[in-house]
Structures are given as structure tokens and as C-alpha cells.
Amino acid sequence: MPELPEVETIKRTLETKIPGLSFTGVEIFLPKIIKNPAPQEFSARLPGKEIKKLERKGKYLLIRLSENLVLIIHLRMTGRLVYSLPDTPVAPHTHVIFHLNNGCQLRYGDLRQFGQISLVPASDLASFPGLSSLGPDPFDPHFTREFFKRELKKRRTMLKPLLLDQSFVSGLGNIYADEVLYRARLHPRRQSHTLTPREASCLYRAIREVLQEAIANRGTSIRDYVDGNGNEGNYQNLLKVHDREGEPCLKCGRPIVRARLGGRGTYLCPHCQKS
DNA sequence: AAGAAGTCCTGGGCGC
DNA sequence: TGCGCCCAGGACTTCT
């Protein structure tokens with residue numbers, strides 16, 4: 001599941017390969033992946049556009065193009081974006097192939113077909129659904145500890161769903177929300193407005209530390225994730241609670257428990273994470 | 001109006 | 001053995 005660290009890693013790997021290149025064409029095998037404009041217009045508009053730079057906003061990957069256009073890519077759960085040599089066998093579930101003017105390709109694959117790709121004028125970014133309502137990036141200078149504490153008090157909901165709410169803070173998904181709460185020693189069901197200043201600070205620090213470490217380890221490959229070169233990350237070996245049901249807590253030795261919260265599988269240590 | 005629930009999708013795992 | 005049910009989950013839509 002590409003969350004912030006995975007999208008950041010894809011961005012960094014593609015950054016060394018594709019800026020300066022231009023699109024020569026695009027093959028769309030599954031039209032519904034192209035959200036807007038309509039697939040036909042999408043493939044008509046893209047050729048000739050040069051890749052200027054890559055950006056990440058939350059879990060969105062933005063590819064800035066010439067003529068003030070932006071390619072917006074969201075990988076959702078199983079999306080992959082891999083820079084490939086033309087003679088590499090096409091992986092199963094490849095839905096879109098972007099052809100580049102150096103003969104190489106950018107391939108979009110997505111087993112569950114939830115991901116979406118759009119091509120919009122840069123001036124439309126601010127009103128683009130999802131992007132426009134995005135909360136601050138955890139590494140944005142505006143995302144200060146004081147800001148976080150203020151926002152936390154405004155909400156009345158459980159911590160886990162709150163961390164997953166992209167309009168609250170952008171970039172966390174199911175894996176890192178579990179890891180963050182474990183590091184902060186806070187129970188996922190804890191109500192956000194009941195946190196003491198000390199606990200809120202701890203949560204703030206945990207968000208940045210966990211994401212930082214995950215980026216340093218090139219993301220988490222539990223099922224599908226690979227970076228822009230097709231390589232797996234390493235953070236799945238460093239997870240402390242997620243996907244570790246029944247295994248001993250690294251602090252207290254008691255078994256990690258899997259609960260269901262807000263319709264999502266949630267891993268925690270009930271002993272170390274107090275309600 | 002904010003929060004909760006339903007929706008999309010497919011391969012793998014499990015139960016009978 | 002083999003079929004088929006159900007689950008995973010990000011973010012948008014719909015409901016309360």
C-alpha cells in the first residue's frame with residue numbers, strides 16, 4: 001500500500017531517470033484508470049510534453065510537464081509506477097504504458113485497479129478533488145507541533161481513523177498509522193481531544209520519526225509495493241506491530257493483537273498502548 | 001456539519 | 001481435492 005514513504009521513494013527513484021524526457025505516446029489498456037480528461041483526450045494531449053520535475057503531496061505523485069500541465073497519479077492500494085526498458089517483459093496487471101523519447105517506458109500497473117491518473121492544467125491543481133482538501137504534509141514547515149496540538153483538539157474521533165483522515169494530516173495509511181500509535185504508546189481507540197499536551201507532543205514526534213525511518217528504508221513492501229525501479233523496500237523488516245499478530249511485543253513480550261477499527265485491520269499491543 | 005458506513009476490485013487464503 | 005466465499009484497504013460518495 002503506497003503511503004507517504006513509498007510515494008516519496010518512487011518520486012526519488014524516478015527523479016534520477018525521467019526529468020528532461022518527453023512523452024511520445026501512451027497506451028491505455030484499462031481506460032477507467034484515466035480519471036480526466038477522457039482517455040482519448042488524455043492520450044491526444046500528452047505526446048510532446050516534457051517532464052520538468054516531480055513532486056509529492058501526501059500520497060499523490062505530481063509530474064510537472066511543459067505547457068503548465070501536471071500529471072496527477074494516485075496509486076491507492078496496489079498501484080505501481082515503474083521505469084522500464086522497452087524489452088522488459090510487461091508485468092501482469094499493467095494498465096497504462098507511457099512511452100518516452102529515449103525509448104524507455106513508464107509503466108502503470110495496479111492489481112486492484114483503484115489507482116487513478118489525471119492530466120490537468122497547473123491552475124486547476126488547487127481545485128482538484130482530493131488534492132484541494134489535503135491536510136498538511138508531516139514534513140511541511142507549517143506542520144508544527146503547536147499547529148498539530150490545536151488541530152487535535154478540534155476533532156472528536158478515535159486516533160486511528162483521525163490519522164487516516166487525509167484532510168487532517170496527509171500521507172499516513174493503515175500501516176504507518178499503526179506504527180505511529182505504537183511508538184507514541186497510544187491506543188488506536190483513544191479519543192483525539194482527550195490527549196494531554198505531553199501525549200500530543202509524543203504523537204507529533206512519532207508521526208515524523210516513523211515516516212522518516214520508513215523513507216530511509218525505502219518504504220514497506222508487504223504485498224505489492226515496489227519503487228520506480230521495480231525494487232522492494234526494507235521497512236517491512238522493521239515494523240513493530242503491523243502484520244505481526246500473535247508475535248511478541250518488542251517492549252513487553254506480550255502478543256500483538258489484531259483488532260477491527262473503522263473497518264480497518266488494526267495491530268496494537270494492548271499492554272503498551274493505554275486507552 | 002462532522003463522523004460513520006458503503007463502495008469499488010481481484011488474488012489469495014481458508015473452510016467445507 | 002476443489003470450489004467458492006470472503007477479506008484486504010484509500011478515498012470518494014452517501015447516509016445519519
Side-chain angles (χ1 to χ4, degrees), chain A residues 1-10 28-36 56-62 72-81 91-96 108-118 120 124-125 127-138 150-181 188-194 207 211 214 219-226 235-236 239 241-246 256-268:
Chain A
M1 288 124 275
E3 305 177 27
L4 186 153
E6 289 75 33
V7 179
E8 181 64 28
T9 303
I10 291 168
I28 302 169
F29 307 112
L30 188 67
K32 69 170 179 178
I33 298 293
I34 307 299
K35 190 180 176 191
N36 82 58
R56 179 190 57 74
K57 291 211 180 299
K59 303 176 199 172
Y60 289 85
L61 182 67
L62 307 185
I72 304 173
I73 301 172
H74 198 302
L75 304 168
R76 292 287 178 101
M77 316 213 348
T78 54
R80 293 176 162 194
L81 194 63
H93 313 293
T94 298
H95 304 313
V96 182
Y108 180 81
D110 192 346
L111 187 149
R112 290 187 194 160
Q113 311 177 3
F114 284 176
Q116 293 196 307
I117 301 175
S118 291
V120 304
D124 289 1
L125 273 184
S127 62
F128 190 82
L131 266 182
S132 53
S133 53
L134 218 52
D137 192 279
R150 271 201 309 278
E151 292 300 310
L152 207 53
K153 281 218 175 68
K154 288 184 191 170
R155 307 290 194 111
R156 288 181 89 84
T157 185
M158 295 182 285
L159 288 178
K160 172 84 185 267
L162 185 62
L163 291 181
L164 293 177
D165 183 347
Q166 302 300 300
S167 69
F168 176 67
V169 56
S170 58
L172 290 170
N174 207 37
I175 297 172
Y176 296 114
D178 285 353
E179 294 297 312
V180 163
L181 289 168
R189 291 189 199 277
R190 182 74 178 275
Q191 291 287 322
S192 57
H193 64 282
T194 67
I207 291 171
L211 293 176
T220 301
S221 296
I222 292 185
R223 287 168 199 93
D224 301 274
Y225 165 72
V226 292
Y235 200 68
Q236 65 277 8
L239 294 175
V241 282
H242 191 88
D243 216 24
R244 291 194 65 237
E245 183 181 14
I256 298 299
V257 165
R258 183 173 185 275
R260 205 165 172 82
L261 212 162
R264 300 286 172 254
T266 299
Y267 298 85
L268 70 148

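Residue numbers begin at 1 in each chain, while the letters A, B, ... track the order of the sequences. Please read these numbers as outputs of a predicted model, since none were measured by experiment. These numbers come from the heavy atoms of this one structure, side chains and all, not from hydrogens, waters or symmetry mates.
- In this structure, the CD1 atom of A:Ile73 is 19 Å from the P atom of C:dG10, given to the nearest Å.
- Residues A:Leu61 and A:Leu81 have side chains in contact (heavy-atom distance under 4.5 Å, counting atoms from C-beta outward).
- Each of A:Lys160, A:His242, A:Glu179 was scored for a side-chain hydrogen bond (donor to acceptor under 3.5 Å, both in side chains) with A:Asn174, with one residue passing: A:Lys160.
- The nearest whole Å value for the distance from the CG atom in A:Asp165 to the C1' atom in C:dA11 is 10 Å.
- In this structure, A:Gly115 reaches neither bases nor backbone, as no heavy-atom distance under 4.0 Å exists between it and the strands shown.
- Nearest approach of A:Val169 to A:Pro138, heavy atoms of both residues: CG2-CG, 3.7 Å.
- The side chain of A:Lys59 places no N or O atom within less than 4.0 Å of a non-bridging phosphate oxygen (OP1 or OP2) of C:dG10.
- A:Arg80 approaches A:Leu75 most closely through the heavy-atom pair N-CD2, 3.9 Å.
- If you check every strand for non-hydrogen atoms under 4.0 Å, A:Lys35 touches nothing.
- Of the two residues contacting DNA chain B, namely A:Met158 and A:Arg264, the nearest-nucleotide position lying further toward the 5' end is that of A:Met158.
- Comparing B:dG3, C:dA8, B:dT10 by their nearest atom to the side chain of A:Gln113 picks out B:dT10.
- Stacking annotation: A:Phe114 is not stacked on the base of C:dA11 (requires ring centroids less than 5.5 angstrom apart and an interplanar angle below 30 degrees).
- Distance from the side chain of A:Arg76 is smallest for C:dA11 among the nucleotides B:dC9, C:dA11, B:dA4.
- If you measure from atom OH of A:Tyr267 to atom P of C:dG9, you get 6 Å, rounded to the nearest angstrom.
- Among the nucleotides B:dG3, B:dG11, C:dG9, the one closest to any side-chain atom of A:Arg258 is C:dG9.
- Among the heavy atoms of the strands lying under 4.0 Å from A:Tyr60 are primed sugar atoms or P, OP1, OP2 only; no base atom is included.
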